[in-house]
Amino acid sequence: MAPRRFGDAVVYQVYPRSFQDSDGDGVGDLGGILARLDHLTWLGVDALWLSPIHPSPNADWGYDIADYDGIAADLGTFEDFDRLVEGCRARGLRLLLDLVPSHTSIAHPWFREHPERYCWHDGPAPPNNWRATFGGPAWSRDPVNGRWYLHSYYPEQPDLDWSRPDVVDAMQAVIRRWRERGADGFRIDACTRIAKDPERRDDPPRTTPSPFNWHPEYGALEHVHSKDGPGIGAALAAVRDAAGDAPLVAEATLPNEQLGRYLEHVDACFAFELQAAAWTAPALNHALGRALALEDGLAWVLGNHDVPRLASRVGPERAAAAAVLLLTLPGPVFVYQGDELGLADGPAPAQPLDRAGRDGARTGIPWQAGAAHAGFTTGEPWLPVAEPPTWAGGTAAEQRSDATSHAALHRDLIALRRELSGPATAVGLGPDTVAFARGDTVVAIRPDGGPVAAPEGELLLRTARGDGIVVRRA
Ligand code: NOJ
């Protein structure tokens with residue numbers, strides 16, 4: 001078992017295109033991130049993770065990479081990256097990059113120059129029934145050579161064949177180069193897709209409900225062959241070998257009991273069962289109970305660029321209790337940009353940009369009231385910046401000067417978190433409440449927004465509605 005390198009770190013997820021634009025082209029960039037690092041130090045986070053920063057045709061907004069060694073022109077230059085690394089170091093922030101090892105963009109030169117690095121099938125029809133994650137078949141015919149290629153996501157994202165040593169070598173070299181350039185660690189994208197059934201057998205129809213909210217077509221199958229294949233351990237061992245002692249967190253959307261093979265090599269796997277749970281006490285208690293039964297290795301996350309924003313999902317008035325739950329659990333915690341402001345989903349643009357409907361969770365951050373596009377850009381934003389009441393709690397600037405704001409609650413929780421230690425054990429405070437103890441401290445929330453019946457003791461923190469509390473027992 002690897003040592004858990006994240007400890008109890010709080011990691012802030014930056015979606016670079018939507019964080020802060022520094023050059024007026026309407027797209028957030030590395031210079032913008034550097035300019036806003038003070039927001040992260042004000043919150044008190046330990047690290048930031050950048051969604052992919054590499055050249056990409058943006059069929060999947062950066063997750064279709066055309067050059068692992070480059071930086072997308074609209075996001076900045078290597079000098080900007082170096083300055084960001086320096087800025088992070090000066091502030092004691094660790095910088096994590098997004099490693100996308102399972103697929104490239106179809107525009108990556110390898111697809112034509114090294115087609116053998118991908119997963120192909122020759123024949124009149126695809127070899128199996130595998131579906132792509134966002135719907136449709138997982139096999140497409142290459143119009144150039146007429147062969148079928150595998151893509152676990154969009155057809156513009158062909159899957160690499162990790163059983164090939166040259167693929168492993170190439171990806172290890174990528175990891176080493178970014179480590180040398182200043183990356184402190186990585187979030188590993190679509191980790192389960194690195195390895196599939198070598199016999200390419202059909203996925204059977206689903207018979208047991210999945211804990212995850214899949215696209216209906218994809219979720220109709222049990223993904224026993226199209227992902228999480230026998231080669232996963234070797235692939236992750238190679239990633240670990242190249243990454244050295246850098247902290248690694250895996251995006252492995254699997255039931256908790258299947259994460260063991262991943263946790264042999266990475267420090268943490270996102271706790272997606274909890275993220276996907278309905279916002280009710282029974283559902284959360286069930287998911288939390290299952291998660292806490294694992295000894296360690298889960299990274300807590302409630303929001304990211306793939307799902308509706310937390311405030312939209314649970315309701316803006318319940319986001320405070322969600323923050324209490326998220327930021328008091330033991331082990332690493334990931335906070336998606338804007339969730340600390342209680343930002344809700346932005347309006348869908350007239351012409352959707354993301355084919356999987358994720359634009360609303362990716363609109364620009366409102367930094368400053370009265371400024372054009374709330375200070376996100378002086379140009380035309382690539383996605384329209386939301387207006388109030390999407391951010392009823394105010395812009396970042398307003399919230400930072402208001403001790404009762406959602407951002408201040410985050411800062412207070414992150415500070416309080418430093419005083420918590422030890423594992424979490426479930427505490428029964430009634431059927432409407434989700435509660436656990438860490439040492440002599442009890443955390444309790446009411447997902448329905450009602451007031452928690454607080455146990456006796458010193459009240460360390462309470463949400464304005466009383467639906468989230470932290471108490472040191474008498
Ligand atoms: C997971 C990423 O978070 C998501 O945005 C992307 O579409 C897929 N992996 C494919 O890379």
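Nothing here was measured: the structure is a model prediction, and the numbers come from that model. Just so you know, ligand 1 is whichever comes first in the structure, and atom 1 is the first atom listed for that ligand. Index from 1, following the sequence.
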is_close_aromatic(H121, Y149), centroid dist under 6.0 Å: no
Test of ring centre spacing under 6.0 Å for W61 and W382: yes
Interatomic distance, D21 atom CG to T377 atom OG1 [nearest 0.5 angstrom]: 3.5 Å
Heavy-atom donor-acceptor pair, R417 side chain to L327 backbone, under 3.5 Å: yes
One line per pair, note the atom names and distance for all nitrogen or oxygen contacts under 3.5 Å between ligand 1 and the protein.
{"unit_1": "ligand 1", "atom_1": "3 (O)", "unit_2": "R187", "atom_2": "NH2", "d": "3.0"}
{"unit_1": "ligand 1", "atom_1": "3 (O)", "unit_2": "H305", "atom_2": "NE2", "d": "2.8"}
{"unit_1": "ligand 1", "atom_1": "3 (O)", "unit_2": "D306", "atom_2": "OD2", "d": "2.5"}
{"unit_1": "ligand 1", "atom_1": "5 (O)", "unit_2": "H305", "atom_2": "NE2", "d": "2.9"}
{"unit_1": "ligand 1", "atom_1": "5 (O)", "unit_2": "D306", "atom_2": "OD1", "d": "2.6"}
{"unit_1": "ligand 1", "atom_1": "5 (O)", "unit_2": "R358", "atom_2": "NH1", "d": "3.3"}
{"unit_1": "ligand 1", "atom_1": "7 (O)", "unit_2": "D60", "atom_2": "OD1", "d": "3.1"}
{"unit_1": "ligand 1", "atom_1": "7 (O)", "unit_2": "D60", "atom_2": "OD2", "d": "2.5"}
{"unit_1": "ligand 1", "atom_1": "7 (O)", "unit_2": "R358", "atom_2": "NH1", "d": "3.0"}
{"unit_1": "ligand 1", "atom_1": "9 (N)", "unit_2": "D189", "atom_2": "OD1", "d": "2.8"}
{"unit_1": "ligand 1", "atom_1": "9 (N)", "unit_2": "D189", "atom_2": "OD2", "d": "3.3"}
{"unit_1": "ligand 1", "atom_1": "11 (O)", "unit_2": "H103", "atom_2": "NE2", "d": "3.0"}
{"unit_1": "ligand 1", "atom_1": "11 (O)", "unit_2": "D189", "atom_2": "OD2", "d": "2.7"}

Any donor-acceptor pair under 3.5 Å from E222 side chain to T207 backbone: yes
Non-neighbouring partners of N129 that pass side chain to side chain donor-acceptor pair (under 3.5 Å), sequence neighbours left out: none
